[in-house]
There are 4 protein chains.
Amino acid sequence: MYRFQCDYTEGAHPAIMQRMIETNMEQTNGYGLDPYCDSARQKIKDLCECQDMDVHFLVGGTQTNTTVISAALRPYQGAVAAVSGHINVHETGAIEATGHKVLPLPSEDGKIAAAQVEEMCHAHWTDGSQEHMVQPGMVYISHPTENGTLYTKKELADLHEVCRKYGMLLFLDGARLGYGLMAETNDITLADLAKYTDVFYIGGTKVGALFGEAVVITNRALKKDFRYMIKQNGGMLAKGRLLGIQFDTLFTDDLYFKISAHADELAMKLKKIFLEKGYSLRYDSYTNQQFPILPDSHIEKLKEKYVFEFWEKVSDTESAVRFCTSWATKPEVVDELIRDIMEC
Amino acid sequence: MYRFQCDYTEGAHPAIMQRMIETNMEQTNGYGLDPYCDSARQKIKDLCECQDMDVHFLVGGTQTNTTVISAALRPYQGAVAAVSGHINVHETGAIEATGHKVLPLPSEDGKIAAAQVEEMCHAHWTDGSQEHMVQPGMVYISHPTENGTLYTKKELADLHEVCRKYGMLLFLDGARLGYGLMAETNDITLADLAKYTDVFYIGGTKVGALFGEAVVITNRALKKDFRYMIKQNGGMLAKGRLLGIQFDTLFTDDLYFKISAHADELAMKLKKIFLEKGYSLRYDSYTNQQFPILPDSHIEKLKEKYVFEFWEKVSDTESAVRFCTSWATKPEVVDELIRDIMEC
Amino acid sequence: MYRFQCDYTEGAHPAIMQRMIETNMEQTNGYGLDPYCDSARQKIKDLCECQDMDVHFLVGGTQTNTTVISAALRPYQGAVAAVSGHINVHETGAIEATGHKVLPLPSEDGKIAAAQVEEMCHAHWTDGSQEHMVQPGMVYISHPTENGTLYTKKELADLHEVCRKYGMLLFLDGARLGYGLMAETNDITLADLAKYTDVFYIGGTKVGALFGEAVVITNRALKKDFRYMIKQNGGMLAKGRLLGIQFDTLFTDDLYFKISAHADELAMKLKKIFLEKGYSLRYDSYTNQQFPILPDSHIEKLKEKYVFEFWEKVSDTESAVRFCTSWATKPEVVDELIRDIMEC
Amino acid sequence: MYRFQCDYTEGAHPAIMQRMIETNMEQTNGYGLDPYCDSARQKIKDLCECQDMDVHFLVGGTQTNTTVISAALRPYQGAVAAVSGHINVHETGAIEATGHKVLPLPSEDGKIAAAQVEEMCHAHWTDGSQEHMVQPGMVYISHPTENGTLYTKKELADLHEVCRKYGMLLFLDGARLGYGLMAETNDITLADLAKYTDVFYIGGTKVGALFGEAVVITNRALKKDFRYMIKQNGGMLAKGRLLGIQFDTLFTDDLYFKISAHADELAMKLKKIFLEKGYSLRYDSYTNQQFPILPDSHIEKLKEKYVFEFWEKVSDTESAVRFCTSWATKPEVVDELIRDIMEC
């Protein structure tokens, strides 16, 4: 059985493992105050073409989302998000556990538009009894989204604009950021993210690291005392250098971008074959997650050799499923999968 | 200007004020441990035809909802509610502030059906990664709803059933309970509520009291230590007897029911005239809240003499509005309003 | 039995009850947006000799403390308080329930000194791993304290100073403020409170009202969106005018001060007799709470006619107890009590 | 410079790194549902001589403490702990952030006694207004404590007893458990912990792993839905097998115990020399943390070659400091340190 069920089925890219072995017996300070974290921070600043930012390394995505959101919001504020957003669906109420409502906006493809945010905010601020309702305090988006879709630079700039207008922060969840940045249709750079968002993170867990998310903060108010927030939320890893070593390696010789491109290329090969085979696509993704709609009989057949994720019933005889590639996916297995699909 | 904007524009029913004056200089214990609270508790138990219940008096609705819900749920559980439910919309995220997500179900008229709850729970419990999602822990309904609509006894029993099936509590918000119980289409009694819910409350604030909500708990686990919860949530009124006096008066000589019936009758007169006038109704309410759809020109005309609530735009020229009657509404003003409507 | 156990055993001052009766059938807006609240706000501003402040009316003390503290603190900050402070001991963890630690300072008499706060803050900010500890974010004091003791203006100014130095807010709990302001040893005015604190409240519940606390905010940042906080914490009373009417009455013709002075005078009569009788005092209070240390045999004797509070065992044969007077205490009963004490 | 400042200055024991390299490219399920976690779980059960327990793997100590404590307590309950306990001092209010008060007990050496707990509980449950105070819901202890001290089996059994009596859970923080279990004065086994506590954890971060804490739950109620709690608290590592691999390695061929014994032996060598040198000990520790009191001049001298932690000023010329050994400490460096101490 070969697993395409998600992008975190293996360990870490060998270069990372190698670096961890090499540094294993060194003694360093803990809690992110070590030379490896410093080096990784500087590399990220350079890539973002911005020196006036803070970079912190946290362990996982849920932790990162709760830490950032609870640091950013006042108690009566909520985070605007797509109804399908990770924080609204798949974090066991972790955001609410910090006291904040997620304010869902309808979304077909995982994205939300500036016009939707504008409408929600306008409605809130013109309501006479606004204090009886949660105040929109920030906008949370993912790039790529849960559905593999991407924002354009224009859409991002528009969200930035509406956030400025209503005094909200813009937060971008980049758990799969590499796969987004390297997608053939993507026109957003790290420098754009530093410019248009108040805070975003560069996912490591799903892009080649054992674990780890690099949080980039450009908003001045949010920078203040952020390490207290990390500690309180359980994100201050004692051996923090493990995060520094991993991100330093990922941003050496463009490793992060190369392995992301690798995954996207294999995903595009799959997408091409899905379309050739006549499958519809549940979402039009150019990133490492692909969502074809297959006859249930084909699904059964492929499940004999491959693990992939059931997404949803589409009709009596068809279902959408998810195939993920990653930095670790082997091209020869994709070729084999393609042959098996063609034979369905 | 006469106000039909809500059901809490006046003070309290004169009988309550009278009783508060009479008892004003008496000395009693605080925090609900006084003879007036005891007497009111007993009257409520008798009306519910159930002695094995706990009755607590809290100050307001938001406080009551947060106290009950946070007492009932484990940290990772949420409260299932209509998307239009008070806890989902009009409490500034008070439920989330206690750490719990509100799990919204679509609703056209403020009600949710057992089948919807069944579907949500089934989906949750058959999902392989259920622990990544908020667990449905209770069902929250209002009777009447925010839209003036009512559950039938059958619908209530069905909700009870599905809650039992999935180990969830059923909680009924009765902020306007009197107006529901006395509606001509209502077939639910206090005894039914005691039987089918785990916890419900009898609203005082909107039904003749200065303030106060009587929480009735039949669920054994929820009874435990509930006074700690009240105190922590700021609901343990120092001069708790004020709540006892009010509810004791409301449940003397059927005052609660009589004044509720009064409001419903006047609301029905209004409903009749709305229909005669050819207005549509946004919701088909038999309780003290009426939601006619009026031409905007009629609205403008009536606003010269009456205060009522804008609900929503329905078309370019028409809007839904809300008229509330209450225990305090004067029949002669309703007659005048009716004349003014007919002349529009 | 006559009750000296606390200062909230009766209803409200008759002038308040009279005003509530007179206004009972008036229709007003809810939620504190009515003319009575406006009038009371203006009177308080005038008494504080400060127009640039916000005044809000909440229902009870625990609610007020949680609302103010959770509005004032960032998630990783705590409230510095005397170890015996109300928020540290008698609110069932309500502050912690909003996510904040109470940082206790030792105190013999309920007061804390600027030097103690200075020491705690200095220790925090010079600790290299400060982000592993709760950051002191505000100072909470009571005037009078739980022990009936009072701050001097100088002590208040010093606390103000140290709060400024470390960027902390100063919050004064005035649940019994009237009894403090009218004490013969007090040198603090409402204008001083407005000047030296960022936020304080004027207690109504324990000083003649049925319920209610008037929160006065001078700190600009804290003013912002405070009504959202009130609503979320369950403190936005639907019939908010009840609070306005009460405080407006209390601040008409100096009623608040007169009734407080009444209670203090009776307490001083008791204090004099305790000393004459040879009792020690657990705390040297000049306010309405008196803490004499009595032989247990005297306590048993007095308990036959009076209710008062056991405070703590002092020796094998003596205990400290608490006697409270209030706006409602009858002079003739105090005289009788004095006779009974003398006969012990 | 050689670091004795803490027990997490290096990476992981080489056997762990080796195992992670070997398994790196394997594909497994995420979130702890993999064969390595299963194997580690079984080994822990066997060591605890108990099969009826749940074992979960979390990432770090703060996260583990908040997850366990918030799972165990009702909203109005608090965790009883030594005033010096990690949760009371060094977790930035993480426990309070989940809504719970830490109820501190005085402690000279980091331990608390059953008699202290008994006294606190007795006081709580016999207080007439108990619902105004936080209810003691669990007891939190560390073994070894922050001060390197150890509980005896008798003391543990007594704490177990008092917890049973008052319906409280007993939770043991074993962040440095290995160093405790292998101490020459220790008489507690893993089987004892399983027997006497409701939940405890076996620390990995400070005992040879890159990171990770193994939570052992024997209490039936606490087992329920614990994975939801882990997820909500950000502790469900995507590549959960990393935790399984580490603990499986640690519990293969007694590695965990051997490396702990190694650290303790070196610490005992240091302790011996401190005493020979005439230094007092701040705490009498038989584990890997040693707290000698040195003349400040000696401290300055040793700081030229070694990093160790300042603990507290003891007199004008002396301070307590902390030296930690670990699985990674080199015997030859300890020998060198001993020579340098003798030459001070």
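First the proteins, then the strands, lettered A, B, ... as listed; each starts at 1.
Considering only heavy atoms from C-beta on, Val215(B) comes within 4.5 Å of Val68(B) through its side chain. Contact annotation: the side chain of Val216(C) never approaches that of Val199(C) to less than 4.5 Å [non-hydrogen atoms, C-beta and beyond]. A 4.5 Å side-chain heavy-atom check between Phe211(B) and Leu243(B) finds at least one atom pair inside the cut-off. Residues Val102(B) and Ile69(B) are not in side-chain contact: their nearest non-hydrogen atoms beyond the backbone lie 4.5 Å or more apart. You'll find the side chain of Leu266(C) stays beyond 4.5 Å of the side chain of Leu270(C), heavy atoms only. Side-chain contact between Ile299(B) and Phe308(B) is present, with at least one heavy-atom pair separated by less than 4.5 Å.
For Ala175(C), no part sits under 4.5 Å from any heavy atom of chain B, backbone or side chain. Using a 4.5 Å cut-off between heavy atoms, Leu242(B) touches chain C through its side chain atoms alone. With a 4.5 Å cut-off on non-hydrogen atoms, Met229(C) does not touch chain B at all. Of the two parts of Leu210(C), the backbone and the side chain both hold a non-hydrogen atom closer than 4.5 Å to a non-hydrogen atom of chain B. Contact annotation for Leu58(B): neither backbone nor side-chain heavy atoms come within less than 4.5 Å of a heavy atom of chain C.
Every pair tested for salt bridge (Lys or Arg N to Asp or Glu O under 4.0 Å) that includes a residue from residues 57-73 of chain B fails, sequence neighbours excluded, so the list is empty.
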Once you leave out hydrogens and angles, what donor-acceptor pairs under 3.5 Å do chain B and chain C share?
| from | atom 1 | to | atom 2 | distance (Å) |
| --- | --- | --- | --- | --- |
| Arg3(B) | N | Gln27(C) | OE1 | 2.8 |
| Arg3(B) | O | Gln27(C) | NE2 | 3.1 |
| Arg3(B) | NH1 | Asn29(C) | OD1 | 3.3 |
| Gln5(B) | NE2 | Asn29(C) | OD1 | 2.9 |
| Tyr8(B) | OH | Tyr31(C) | OH | 2.7 |
| Thr9(B) | O | Thr28(C) | N | 3.0 |
| Thr9(B) | O | Arg241(C) | NH1 | 2.9 |
| Glu10(B) | OE2 | Gln27(C) | NE2 | 2.8 |
| Gly11(B) | N | Asn24(C) | O | 2.7 |
| Gly11(B) | O | Lys239(C) | NZ | 2.8 |
| Ala12(B) | N | Asn24(C) | OD1 | 2.7 |
| Ala12(B) | O | Asn24(C) | ND2 | 2.6 |
| Asn24(B) | O | Gly11(C) | N | 2.8 |
| Asn24(B) | OD1 | Ala12(C) | N | 2.8 |
| Asn24(B) | ND2 | Ala12(C) | O | 2.7 |
| Gln27(B) | OE1 | Arg3(C) | N | 2.8 |
| Gln27(B) | NE2 | Arg3(C) | O | 3.1 |
| Gln27(B) | NE2 | Glu10(C) | OE2 | 2.8 |
| Thr28(B) | N | Thr9(C) | O | 3.0 |
| Asn29(B) | OD1 | Arg3(C) | NH1 | 3.3 |
| Asn29(B) | OD1 | Gln5(C) | NE2 | 2.9 |
| Tyr31(B) | OH | Tyr8(C) | OH | 2.7 |
| Thr62(B) | OG1 | Lys231(C) | NZ | 3.1 |
| Thr92(B) | O | Gln232(C) | NE2 | 2.9 |
| Thr205(B) | O | Lys239(C) | NZ | 3.1 |
| Ala209(B) | O | Lys239(C) | NZ | 2.6 |
| Lys231(B) | NZ | Thr62(C) | OG1 | 3.2 |
| Gln232(B) | NE2 | Thr92(C) | O | 2.9 |
| Lys239(B) | NZ | Gly11(C) | O | 2.8 |
| Lys239(B) | NZ | Thr205(C) | O | 3.1 |
| Lys239(B) | NZ | Ala209(C) | O | 2.6 |
| Arg241(B) | NH1 | Thr9(C) | O | 2.9 |

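The residue among Ala238(B), Gly60(B), Gly235(B) with the most heavy atom pairs within less than 4.5 Å of chain C is Ala238(B).
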- Verdict with supporting geometry, Phe171(C) and Phe200(C), ring-ring contact (aromatic ring centres under 6.0 Å, His included): CA-CA 5 Å; Phe171(C) 170 33; Phe200(C) 72 97; 9.4 Å; no
- Does the side-chain contact (heavy atoms from CB on, under 4.5 Å) test come out yes or no for Phe4(C) and Leu337(C), once each step is laid out? CA-CA 10 Å; Phe4(C) 287 97; Leu337(C) 171 59; 3.7 Å; yes
